[in-house]
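This report refers to the structure that appears directly beneath it.
Because the structure is predicted, anything quoted here is derived from the model rather than measured. Lettering of chains follows the sequences in order, A, B, ..., and the numbering in each one begins at 1.
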Amino acid sequence: MARAGGITNAVNVGIAVQADWENREFISHISLNVRRLFEFLLQFEATTKRKLASLNEKLDTLERRLELLEVQVGTASANPSLFRTLARVLKPFVIGL
Amino acid sequence: MPLVRAQVRNEYGLGQPELYKDVNREDPNAILDGVSVAGLVGILRQLGDLAEFAAEVFHGLQEQVMSTASRSHKLMIRVQRIEAALPPLEKAVLAQTSHIHFAYSAGSEWHPRIHNEKNHFIYNDLPRFVMDSYEVCREPPRLHLLDKFDAVGPGSCLRRYSDPTYFKRASGSSIVEDAEKVPRDKKTRKSKNRRSSHRHGKLSRGASLSNRSGSMQFTSPIVNGQTSSSQTASTVDIALKSDAGEHSNSFDSRTGSGYIECVFNRGSSMLPEEQEPKEVSSRLMQETNTLGSNFPVEQSRVIDDSFSHSSSQDQIAPSSFCVTWDEKAEIVESKAANWDGDKVLEMNFDADVQETPAANLGNLVQTDILFNDIDVPQSSSIENRNDEIESEPDNYMDALNTIESEFENDIECHTKREVEQCSKNDVECQTKWEVEQSDDAKNVNDESREDGTRAIMDGNADRHPSIIESSASSNIISNNGMSSSLPDPVPSENFASERMPQISGKSPHPDHSPVTNLCVSDEICSGSLVESVISDPSSSTGSTFSNTHDPASDRIINSIRDSQNSQTEFSGVHSVGLWTNGGLLGLQPSIPPDFGISTTAHCSAAKNSEAFDPPNQTLMPFHKGPRGNSGTVIENAESTEKVPRSCSDKTSLLDNFNGIDFCLNTSLPHENKHQVNPIVKPTSIETDEENDNNSSRMFGLGHKLLVNGFRKKVSIDHDGESEPATSTKTGVLEWRNGQQGISYQKIPWPIFNEQIEDGSPVNSLTSSPPLEHMKISFNPIDGFETSKLRLQFPDGNRYQESARDMFPSFQLVPVPAFPVHGVASDTDDDTFCRSSPYMSDACLSYCSESNSEQWESGETPESKDHELYDALSRLSSMESVSSSLQVGEAANNGIHVNGGNKTIIPGTGAEPSLCVTLDLPSFDAINPVLLDETKSNSGKKNQLELQNSTELTPLPPPPPPAQWRVSKPCMDEAEERQHSLSESLRCELDLKLLGSTVSQKPKSPSVNQQKVNNEAIAVKPEKKVDQVRLIRQKEANPLSSDRGMDEKEDFLHQIRTKSFNLRPTVTAKPNVTSGPTTNVKVTAILQKANAIRQAVGSDDGEDDDNWSDT
């Protein structure tokens, strides 16, 4: 009996060890994927911020150009001597600017 | 090294170990299950971390995207406006018939709104680790609740609580103190480390200091800028991180941002303005006005904003940052409480006070502010409280004893004094805002402050009065802050906010504005002070000071440099001189064995020169000079030890003006120093003075050098310079001729120095002729001196000196020991020794020079030969003469006298010629049998002569391309020699005839050999007869000559022998070179020899043999 019990115990232990290995493999897979997710997030953040930064730079240039355009338009519309005929027409726009 | 953005821990580590540890050990399944469960739990936690991280990432991205979207949206709006405004313009433009008038239109003057961002670091891109410190800071107290009690208006209380200017002032003063008390910090830090452990829940003192420095940077610009525009810009940007026009910034949402709000109250007030850019610009323009006018409005807004932000932030963990400063206020507070017994703390704050000392401090400040504002005397129960508080802050101060401990103590002392004075003032009149009292207090404080500052400044005060002034001003400033608050019933406000009382109390009054202005100016001064003070410890030299300070300080610096670095500068200059002689330095290696100590000195000098050349050449030598000087002083300590200040100063000046050329000149004094130091210790003073003279004269030389050629003038100048120093001792003034300058330069040196070599190479370096020249000139000069000395100073001492001089001179030659023997021994061995030195360079120089002289004489055959003949005739035949040196010297002298009018070459050549005469017999005596050797010797002599002559001859040409020139002149000289020799043969034949009649027929086997060689040349039969006689006498010559020496001690007889010997030597020379048929060969040989010599660069006799063989 003892012998049979020992065998059964050994078999059980082997089964348990095998199951443990399987569990560990599962856990490691999940953990690896989680780490990949972290990495993905980091890359995503980096790329996104880089693109946003480039976009912001473009926006900066656009703002500057727009500012210049606004000033030009304002001066052009505000200067009656240049546009005698349409000075009246431009006034409201200038005010709006 | 990548920064860790997110850390993913091990899944099993995340799971609690109890899951598998507490399980029954005997059940393996349970254990394994526990482990697996722990892993699963860890995975869950990892997922949780992932979710948090993702949320953080996406949150940040969202913010940025939103900001970008808002910007883009604004752009769209603006574009739409322009688009709407454009069509009418377009129509108008198109409607114009002629567009020419646009060309004459002025156009639009438009300048983009450029934000003058004075503080890029604190602008809106504070890094996270910096922002973290702000986040950790506690929220400002809810002082807005007290605004209703403040007469000034809303926001005044908060401003009093945290005035950025206060931090700047305090930190500036603290930095000053810290900088001055750095050595003390070590002690304090130890105690600090001990005490800091007691401080739990608070940042260490270092952290507080860092925070303080952060606050300094953060607030100082505001103060410096003085215009609130910068403040608003920075603060607004900080506050409006994402959107310019929206208050919903992440910064405000953060907990613990109260401090920042405190600092940026004004900025927060500007937030609404920021929404409209144009208004902001206009607003900025308005803000450039005086602070006083802007304060009320800003404060009001501050209140609004700060309340909205800080209302949600009530209790915050006490941070050490504000606390540290509050502590001082607390201390003063406690002291003030003694005399301000009327005041009572409100119970609302008592609770906070009991919580933590830091909270106590802050609360106390609040209460004080309250009391000030309210001015409501209340129960005296506060005294007990104050006592408790006082005890606490003391301990707290103990804990704070860190870098500033002593300074704080000083401040405390001052504050105590001030408090006392304040109390007195209060006793006199408790009226609140009396400027007079403040002035008095200022005066008192200023006095005390000045004392403290002086003590602080220590030695620096003498050097930098300007710094002292600035420090004094800063102290005054701080005192102003102190004093201004002193009249207040509560002095603690001084610490809390220096300006606050003034602003609050007098903002409504017109008088207040100037006061604030003064404060601002003071702050600015303090800022400058801070810089200066910072520079003080770091800059022991004046260079750093000069940056911070004005011309006054520069002058001081210069003076300091002069005082400190006079020697160093001199050394540096000296080194430079060596450096300029770089061409010579390459030649040095051949010399070193001869020089010994001097070579080492030169090496060091060369090193120094390399290091120092640039600074001297630069326009600002002073700054660089001192640095290099330190190193040079160490290396050239010997040289600089006895350097007079005058020399150093002069040299420094020259460095500034002349640059390299001057350096060349300066090298002389350095050499003088070397020489003087070891040798002429008793006469060092005199030499120093002489050196001074030399240095002073060197200036003129340097200028001359600049203007004129390089070598000649240098040599001449050196002559003129060296003469005064050496002339007195040498007594060779007679020999001085402008042309013989080089020789004179070297003459003085041997006199002073036992080692002539030291002096000579140095001189050569200074004069910057090639070493070969140096050697030649040097050796003959030594011979000169020795000869002269002997002739003029028959005393034994002098003779010994001359012997010494001779010795070093021979040391230059690879075979140094021989000459000494030659000098010492009178027998035939002397001749041998002489012959050996001939083999050596020194002898070579003699021989060559003699030959050269003969050549030169050949150039002027009539005068020269006759002169030589005369000299020889005066001298008796000599080989047997034991004292060859004397004879040689005499001959030299005689020749020198003859050739005195001639250029340097003849002067030098005169000596060698005599030496040659001596040498030839010596050879004969040594090897009467070997005719070949005599040939070789003659060839050697010729080569040596060529070398020497080449060396000598190049001296005159001004530009020194070194060896190249040497080679060319050699050829020229060789040709000249041939001619001269051909002529000299004739003369010599005549001389022989005369000499045969007059003088004996001693030996001169060499002559015989030469003549044998010259038989091909078809010498006259008379010669042959003489040679035969000589040959016959050769074998018996040594003995006969010895006998003659023994028997004939008569000097004249010796001279006769000399003269007789001279003849054959003279003839020998022509034999070698004079042979008409062999002239071409000789020239070719000479050329080869020169080439070989140049290639080899060594003067070994073996090389000479090789030359002769070739």
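A distance of 5.5 Å separates CG in B:Leu61 from CD in A:Glu45, rounded to the nearest 0.5 Å. Taking CG of A:Leu62 as the start and OG of B:Ser72 as the end, the distance is 10.0 Å to the nearest 0.5 Å. A:Leu55 contributes atom CG, which lies 5.5 Å from atom OG1 of B:Thr68 (distance to the nearest 0.5 angstrom). Distance CZ/A:Phe26 to CD1/B:Ile43: 6.5 Å, rounded to 0.5 Å. Between the CG atom in A:Leu69 and the CD atom in B:Glu83 there is a gap of 12.0 Å [rounded to 0.5 Å]. Note: B:Ile82 CD1 to A:Arg65 CZ = 12.5 Å, rounded to the nearest 0.5 Å.
No side-chain heavy atom of A:Arg24 sits less than 4.5 Å from a side-chain heavy atom of B:Glu11. In this structure, A:Glu70 and B:Arg81 have side chains that are not in contact, with every pair of non-hydrogen atoms separated by 4.5 Å or more. Two residues are said to be in side-chain contact when any heavy atoms from C-beta on lie closer than 4.5 Å; B:Tyr12 and A:Ile27 meet this criterion.
Across all non-hydrogen atoms, the minimal contact from B:Gln46 to A:Val34 is CB-CG1, 3.7 Å.
The choice from A:Ala16, A:Ser31, A:Ala53 that makes the most heavy-atom pairs within less than 4.5 Å of chain B is A:Ser31.
For A:Asn33, no part sits under 4.5 Å from any heavy atom of chain B, backbone or side chain. Of the atoms belonging to B:Arg45, not a single heavy atom falls under 4.5 Å from chain A.
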